[in-house]
Each structure stands twice: as structure tokens, then as C-alpha cells.
2 protein chains.
Amino acid sequence: MTLEEVARRAKVSTATVSRVLNNLDVVRESTRRKVLQAAAALNYHPNLNARTLAGGKSRSIGAIVSNLSNPFFVDVLRALDAAARERGYDVLIEHTDYRVTRLRAGVRSLIGKRAAGLALIVSEMDPAVIEEIRASGLPAVYYDVGAAGGKTTNIRVRYETGMQRAVQYLYSLGHRRMAFAGHHAALSPLEVRKKAFLAAMKRYGRQVQSRAALSHDSPAGGAQAVRELLGSGFRPTAIVCVNDYMAMGVLRELRARGVAVPGDVSVTGFDNIELAEFTNPALTTLDIPRAAIGRMALEALLQEEGSETAPREVLLDPELVVRDSTGPAR
Amino acid sequence: MTLEEVARRAKVSTATVSRVLNNLDVVRESTRRKVLQAAAALNYHPNLNARTLAGGKSRSIGAIVSNLSNPFFVDVLRALDAAARERGYDVLIEHTDYRVTRLRAGVRSLIGKRAAGLALIVSEMDPAVIEEIRASGLPAVYYDVGAAGGKTTNIRVRYETGMQRAVQYLYSLGHRRMAFAGHHAALSPLEVRKKAFLAAMKRYGRQVQSRAALSHDSPAGGAQAVRELLGSGFRPTAIVCVNDYMAMGVLRELRARGVAVPGDVSVTGFDNIELAEFTNPALTTLDIPRAAIGRMALEALLQEEGSETAPREVLLDPELVVRDSTGPAR
DNA sequence: TTGAAAGCGCTACCAC
DNA sequence: GTGGTAGCGCTTTCAA
């Protein structure tokens, strides 16, 4: 089914059909109706590949996230998608499972599809990929990774602040032996969280002890981190998790071992995903405004070249949300 | 950056560049290298819109799910994606939030992009949409909704069996007053689950009482359903949930009200998502093989026209997975 | 308000 | 092995 067949059936030119389909209101109402009827009768669906090719511009935004199973990413995606939809765009979603090779493949695919812009909500990164995107000339926005400037915007969370708040809060509750449960040591933003935790601890000097365990980004990974932690003989009174998703596994493994939360051990998460409120006990965590991030990302991408209205770099401070998984040190 | 520029730089024809880029091994090694070098030097990314248009076939599979926040759908998506990737395809993801208008828009977008096939993992449906897909001639696979035949495959879960197993199990534990917590009464597969629950209850006749509450598909929705249920004065000793995702909210609301699980009330889920194992108490549920569904969907879509190897309709029976959220009736 | 026709960047067929 | 070139289905001048 092509434009031409529709044109033939409606007895007009392809140009006119195109005008109707694109709502160029120069078309006479009667012919418009004719065209629409013909299109419907033929079950016509415009070939978007041809449209993008001919028009030169695409109505798709490319988005890449590290882990579709982690609600954090889905929340950002949904906000991005909603904002895009409002502006008449759709979103092409790619996910990497934290692997740089998949990141690279995703970026190439999206550039190949001539996306109107790229949102990289990922923890893994590679300078070559950043350069490839820059060279492609596409507007881009990075969350956590990448550098701002030119057509690229950077949204960054101050993990240091967040971790400091968590540690300080736990310290004030009397905790002196704390552990960190994370994943993917090698990826910079995750490393940053761990480092931030360690740095926050360091401020208390010799009074405190800490330890870190890394696994993978899932509840199962959280459980595994706890096994590793406790297996090492270290006896923390608080466990700080890199995110809420893993924290769910931490809670469960602790329970399985008969360790009461927060009675014996306090636990904190990071992100404040919806589920954090539904764990038992409900999770104390640091809020990251995922919806705002998604919206900002879209705005940044669709911004006019000239109008430097929006900042090219934005910094977010995570807010501490106290629930029931933390309490005084035993 | 176009094929032609690459050709110019490599001093070959566009045809040759195309051959190299498509790995048609008729090209001499030396020219192949020249071309690759030129492409790399120019940061060339083939325009996939043009490729699809010219080639006539696309390497993308379209997938539509109802709720990206419900891990059930993400699990199916991931399996589908992995299988597609293996075969050299990528997946275009759409989500509907259970709205038929978005379903329709998603289908149109995917047909417009000339996806190689459509996977509809959704609860909402509309005969007109099914007809539109059929008329488009694209291979399609439906989960839960739609009818098999022609180029379309149907994957269906026997909710009746699943619900029967849940109810029977609870009955055997002594439960006589049970409630159902679901969402979207109007959507057929969800209605089926509810009906199946009611039917299963009916088999026990006057000995048992039941009640249903509908909310939306999220933990918050589950919590809300409990409020509605208990607010009505009904005092169930067991709550059967339409899925695990909502069950998480049911558990939490019960706890908030001081109702012990499974001491006072037993709770069951449906789907057996990873998180079901991480709730407190761990959730008794019915397993649906999400990974297998994703894989089967892909295979069905990529199947040769002629080879009727795979069945055009497949039925799955959910298996009961007993964990800690169920126990003897008080 | 409408039509004719020149591309958009690529593939695939036909020559050489 | 390689090049020339006719489309793929659409948008977008330019004329009428």
C-alpha cells in the first residue's frame, strides 16, 4: 500500500495526499475527505522510513538505559516518553545490561535510524562512544556520564551529597560499622557512589569501619552481596545500598539469616522507586527525581539550537527519605 | 554523511560500498579494507531508513506491552529482545498503560515503520485493531488476546487452571472467605482471571464466600484494593491477587493495618516475577514462563511462511509456587 | 488549491 | 569483482 495507490483511488496527485496526511491546511475540505476515505478504504499506513528519508527529519527520540528491570530506569523512560509524546515524538528504547558493547551497538542503531536526539541514561560509558555521538551532530543528553557542551546536556546527581546524607544520618543513629552493597565496580557512576560512601565514612576517621561488596543489579545481587559481606566476618550494623532495587534483596537475605531490620542492622537504598515504599520494612532511601529527569532530558533534546534557554548542565541533590528500615544502632 | 561520500573517498562505486557494508563476500579484501577505512574516517552511519526502504525488508520486530512498570512485561520483553538479537533483529518497544487508543497508535506506528513482525503482549484489545493488523499482512503474535490463524500465532495462559489451583490450595488450607484483588475490570484477559477466580470459588458452593475489588496495576493499586475490600466490611481469610506486582501492595497494606500474613490472611499472586521471592513474606504465586513466552513469540514471528513447524496456538498452564504468604485459615 | 517532478540514501539487478 | 542505475515511498519546491 503506497501513497500513490491512495492518490490514484482518490483521483488526486501524490502531493495532495501527502498534504492531507500531514495536515497542511491548504487542502480543500472536500478533497481532504476524499483522500482520507481512500486511505481508510485501503488500510493505508504511511511508510515512516520513506517519510523520514524524504523529509530529512525524524520524529523519534532514542533512549538508552542500562537495565530495564530496574524500575529506576523505567521511571525515567516513562517520563521521557510522556513528554516526547506530547511534542509529537516517539521514543526508541534500547537497553544495555551495563555492557559497553551493547551501548555502542545501541548508539549506532539509533544514529542509523536518524533519531532526532539521544538520551543516554546509562552507567557504563566509553569516550569513543561519546565522540561518535558528538561527531554525529545529534543533540544528546547524558545522565551520570558524559560531558556537557555544544549540543549535549548533562544531568548529574550529586552522589557525594546523597551518600553523605545517608552516612551522616546513620552515624547520628549510632552506627559505626557500615557496609556498602553495590554492583559493577568498574562503571564510573557506580564507582562514584561507592567512593562517595567511603569518603563520607572517612570523615569520621578511626571511629568507623566500613566494607564494600559488589554483585549485580538485582534483588538477587543484593542478597548475594549480603552473603559476601557477612561471610567475610565483618559485622556491620548498617548496610548502605547503591540502589533500592538491590536493597530489596539485601532486606530479604538479612531476614533469611534471622537478622532483624532495623533491630540488628539498618538498611538504606538509593533512588526512591515506588517499591521502596512497599518493602517490609519500608525502605529508607535517597530520592532521585526520576520524572523530572525524564522531562528535562526531553526538553534538552528538543531545544532549538540557538535558544540557550535551558542550562547545559544540571545538578541534582538527592533528598533523604526516612522510612522504617533504619534505626538506632544496636 | 552518505554512502556516496564514502564511495567517493574510497574511490569505488556506491554499489561496492553497499556490498562491503552488507558483508557480501564478493568484494576483494583490499577494496573492502579501503571502504571500511573511508567509512570509519567519515564517522559514517548507514541510514537505516533508506536501507529499509530500498531493501524492502526491515530488521526490527515491534513489541507492545501494557505496562512497562510491571516486571512481568519487562521479563517477556527481555526474552523477546534477546532472541531477536540472536537472529539479527532489534525490537521496537511500545507501551500502552492499558489504553486501547495507545494500542492503536502503537500498532500504527509499528506498521508504519514496516516492522518485520508484531508481538502484542497486552491485556487490552479491540477487534478493529486485530483486523488492522491482519490486513497489514504482518506476522503477529498475541499473548492473551486475539485469535490465531494465518500469519498470527496465539499464546495463551489457562487462567482458569491457575486460579483453580490457587483456590483449591487455599481451600485445602481451610479458607472459606476469599477475596480477589485485580485491576481493569473491562479488559478481557483480566476479566478472565477474575471470572476464573469466581468460577473456582463457585465449585465449593455455599460453603465459601467471595468478593472482588478492582484498582490499577501497581503496588499502590493493590493497597487500594485492600482498603476497598476491608472497608466493605468483608473479612476474607485469603486474598487472591491478579498478579504479583499488585500483591506487593496488598501485603503492605495488610501489614499497615496490623493484619498478619499469613497468620490472619493468606495472599497469593500470579506471574512469579523475580520480586515475588523477595517480598516479606515471600509470595505464594502461580508461575507463568515469561522467558519462554518471549522466545516463542519471536520464533513464531520469524517463522517461514510455509513451514508450519510451530503450532499456531499454544496453551500454558500456570504452576503453583508455594512460599510463605499462605497458611492455614485462622 | 493542486500537480509534476526532483530528490532523500540505499539496495539490487544488469552489465562489463 | 566492480560500476551504473533504476527504483523503494515519501516530501517539497516550483508552476500552474
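We name chains A, B, ... by the order of the sequence lines, and we start the count at 1 in each one. These numbers come from a predicted model, not from an experiment.
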[N] OP1/OP2 closer than 4.0 Å to side-chain N/O of [X]:
X	N	answer
B/S13	D/dT2	no
B/T31	D/dT2	yes
A/R51	D/dT11	yes

Worksheet entry | Non-neighbouring partners of A/D271 that pass salt bridge (charged side-chain N to carboxylate O under 4.0 Å, His left out), sequence neighbours left out |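 With neighbours one apart ignored, the set is A/R193.
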Worksheet item: Name the one of A/L21, A/N22, A/T14 that satisfies side-chain contact (heavy atoms from CB on, under 4.5 Å) with A/S18?
Response: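 Testing each of A/L21, A/N22, A/T14 against A/S18, the sole residue satisfying side-chain contact (heavy atoms from CB on, under 4.5 Å) is A/N22.
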Worksheet entry | Listed partners of A/R28 passing side chain to side chain contact (heavy atoms under 4.5 Å, CB included), at least two apart |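 Partners of A/R28 under the side chain to side chain contact (heavy atoms under 4.5 Å, CB included) test: A/S30, A/T31.
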Worksheet item: With no angle test and no hydrogens, is the base of D/dG3 tied to the side chain of B/R19 by a donor-acceptor pair under 3.5 Å?
Response: yes
Item to complete: Side chain of B/L53 only, please: which of D/dC8, D/dC10, D/dT13 is the nearest?
Response: D/dC8
Item to complete: Output the single nucleotide from D/dG3, D/dT5, D/dC14 whose closest atom is nearest the side chain of B/T16.
Response: D/dG3
Would you indicate what [X] reaches in the nucleic acid, counting non-hydrogen atoms under 4.0 angstrom: base, sugar-phosphate, or nothing?
X	result
B/G55	sugar-phosphate
B/V12	sugar-phosphate
B/N49	nothing

Worksheet item: Is the centre of the A/H216 ring less than 6.0 Å from the centre of the A/Y98 ring?
Response: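 No, too far apart.
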Discussion item. Please confirm whether the ring centroid of A/F73 lies under 6.0 Å from the ring centroid of A/Y143.
Written reply: no
Fill in: Toward the 5' end of DNA chain D, by each residue's nearest nucleotide, B/D25 or A/V17
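Comparing both residues, the 5'-ward one is B/D25.
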In whole angstroms, how far is the [atom2] atom of [N] from the [atom1] atom of [X]?
X	N	atom1	atom2	answer
A/L3	D/dT12	CG	P	12 Å
B/R8	D/dT2	CZ	C1'	18 Å
A/E4	D/dC10	CD	P	10 Å
A/L48	D/dC8	CG	P	18 Å
A/N23	D/dT11	CG	C1'	15 Å
A/N22	D/dG9	CG	P	17 Å
A/E5	D/dC8	CD	P	11 Å

Worksheet entry | chain B footprint on DNA chain C, 5' to 3' - any atom under 4.0 Å from a heavy atom |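 Listed 5' to 3', the contact boundaries are C/dG9 to C/dC13.
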Discussion item. Tell me the closest heavy-atom pair linking B/S66 and B/V122, and the distance in Å.
Written reply: OG-CA, 3.2 Å
Worksheet item: Any side-chain heavy atom of B/H183 sitting closer than 4.5 Å to one from B/N67?
Response: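 Heavy-atom side-chain distance check fails, nothing below 4.5 Å.
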